[in-house]
2 protein chains.
Amino acid sequence: MPDNRTMVKRTREEAQATRESLLAAALQVFRERGVAHTRLVDVAERAGVTRGAIYWHFRDKAELFQAVCEHGTLPVEALLAEASQSIQRDPLATVRQLALMALIQLAQHADTQAMFDVIFHKCEFTEELAPVVAKNDADRDACLSRVQQLFDQAVASGQLPPDTDTLLATHGLHAYMVGLMHEWVLSPQSYDLAACAGPLLDTYLSGLATRPPVCRPRTI
Amino acid sequence: MPDNRTMVKRTREEAQATRESLLAAALQVFRERGVAHTRLVDVAERAGVTRGAIYWHFRDKAELFQAVCEHGTLPVEALLAEASQSIQRDPLATVRQLALMALIQLAQHADTQAMFDVIFHKCEFTEELAPVVAKNDADRDACLSRVQQLFDQAVASGQLPPDTDTLLATHGLHAYMVGLMHEWVLSPQSYDLAACAGPLLDTYLSGLATRPPVCRPRTI
DNA sequence: CAATTTACATTCACGCATGTATGCTTTTAT
DNA sequence: ATAAAAGCATACATGCGTGAATGTAAATTG
């Protein structure tokens, strides 16, 4: 068992392990104290090192936070690519599958729950976190435009009514997803997300089919 | 025109005006810099006073934030009481009216937008803001249980299917509302919330009527 | 096997935001 | 009118977190 105080230098793999444990420790401390109130010494101690290790692997707290975000985020692009190639003929089912996988991922992985808890409730999105915000916005816009494409296809194929405002429908679904995650991480015991995600999604999608949003409310 | 530097003491009404301007200034600076990164000197300067005025009216930053929240929040109880007494025979319409008023309020008042922007994106909910969190939770639970009562009435009166899981339906609607506000304040120009709030709500409520959430997915 | 680089630990100085103490002037109460 | 208190401004002390500088020993490299 190596002595961390005297035996300083580690091999490359050990250094990578140090980096990983720093990311995990940062996620925990961020969740407990909030990002802005987190002191780097707490992160270091949680990971069993000193601040020197943090300043070696990351420039400052902002870069550490950015690394935490990029490390733990669910692979949106992969999900999008996979879902869009799988069921080409049923765009609504594709959307459903996409959203369902995200919710299931959240329900089943503690790290994902911690990530979204930090992002939603333990973080201030200000100027110094601009790169993270920019990446989030880019991912969100890509996801939203892809979903809107799917909704357009659903309209074309008759799965959704012809007067559907697909932009509004997309914003609505996105809001629904964000709200479900936002609130569920606050009290995961309030209901079984993994079991209820499907029915919850079906309720909204059924609403899209029977009474789709149109900006000019139609006269019955 | 009184000199603020030499003439220190003000009348009671002037002191109240100072307090109000401090709340307004705090809301602005919170939105710009984030709550945790806000320096009290910035709030004071924005209000045209010094930190002494803040420490006279409030104990510390946490109490100032709490006052900002209680000052600007939409009167939930009043809305609930009003809506529950108005349309006793149409519980679904009552829920719709309740949610619609909240969205319209957000869409039309800049202060409300600032409040929710701070609450959702410029604030870390940690231990020191415990009283605010507690009050938020209490308000939310009260609102949720009231909405669930209305959904129960809707089931009893046949407006919703008999196998509706009203708890899930309530969580779903709440998530929808939270998500709509959470995302719309990020880019209010993305769509006209005041005009689209009704159709967006109707989509979800229609989904509730045609395919309500049930935790054990029913076998068609 | 030397030279260099890696991967941290340790130390230090600095700024900065906070909280408190105190002073000062005008209301307000009596 | 006089005492008391309200409503701030100013000054001060304090701690705390950061970032940079430096130290150091093991691990690579050639």
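Chain letters run A, B, ... following the sequence lines, proteins first, then strands; residues in each count from 1.
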Is D42(B) paired with R46(B) through a side-chain N to carboxylate O contact shorter than 4.0 Å? no

Readout for nucleotides 11-21 of chain C: B = base within 4.0 Å of protein heavy atom, S = sugar-phosphate only, - = neither; 5' to 3' it is ------SBBB-

Can you find a side chain N or O atom of T18(A) that sits less than 4.0 Å from OP1 or OP2 on dA7(C)? no

For the side chain of R12(A), counting heavy atoms from C-beta on, which of dC8(D), dT10(C), dT28(D) is nearest? dT28(D)

Who are the side chain to side chain donor-acceptor pair (under 3.5 Å) partners of E183(B), not counting sequence neighbours? none

Whole-Å distance separating the CD atom of Q16(B) from the P atom of dT27(C): 17 Å

Could you state the atom-to-atom distance from CD of E13(B) to C1' of dT28(C) in whole Å? 13 Å

Could you state the atom-to-atom distance from NE2 of H37(A) to C1' of dT18(D) in whole Å? 16 Å

For the pair made of CZ in R33(A) and C1' in dC16(D), what is the distance, rounded to whole Å? 15 Å

Those residues of residues 20-28 of chain A lying under 4.0 Å from DNA chain D by at least one heavy atom: none

Separation of dA9(C) atom P from E14(A) atom CD, nearest Å, is 12 Å

Below 4.0 angstrom from OP1 or OP2 of dG7(D), is there any side-chain N or O of H57(B)? no

So, Y176(A) versus Y204(B), ring centres under 6.0 angstrom or not? yes

How close or far is atom C1' of dG17(D) from atom CD of E45(A), stated in whole angstroms? 13 Å

Find the distance E128(A):CD to dT18(D):C1' and express it as a whole number of Å. 13 Å

Quick check, are the ring centers of H121(B) and F116(B) under 6.0 angstrom apart? no

N/O (side chain, W56(B)) to phosphate O (OP1/OP2, dG7(D)) under 4.0 Å: yes

Look at the side chain of E63(A) and the backbone N and O of F58(A), then say whether any donor-acceptor pair between them is shorter than 3.5 Å. no

According to salt bridge (Lys or Arg N to Asp or Glu O under 4.0 Å), does anything in residues 189-200 of chain B pair up with another residue at least two apart or in another chain? List the pairs. none

Would you mind listing every salt bridge (Lys or Arg N to Asp or Glu O under 4.0 Å) that reaches into residues 91-101 of chain A, with sequence neighbours excluded? R96(A)-D202(A)

Where at least one partner belongs to residues 122-131 of chain A, residue pairs that pass salt bridge (Lys or Arg N to Asp or Glu O under 4.0 Å), sequence neighbours excluded: D117(A)-K122(A)

Note: A44(B) and R51(B) closest approach over all heavy atoms is CB-N, 3.7 Å

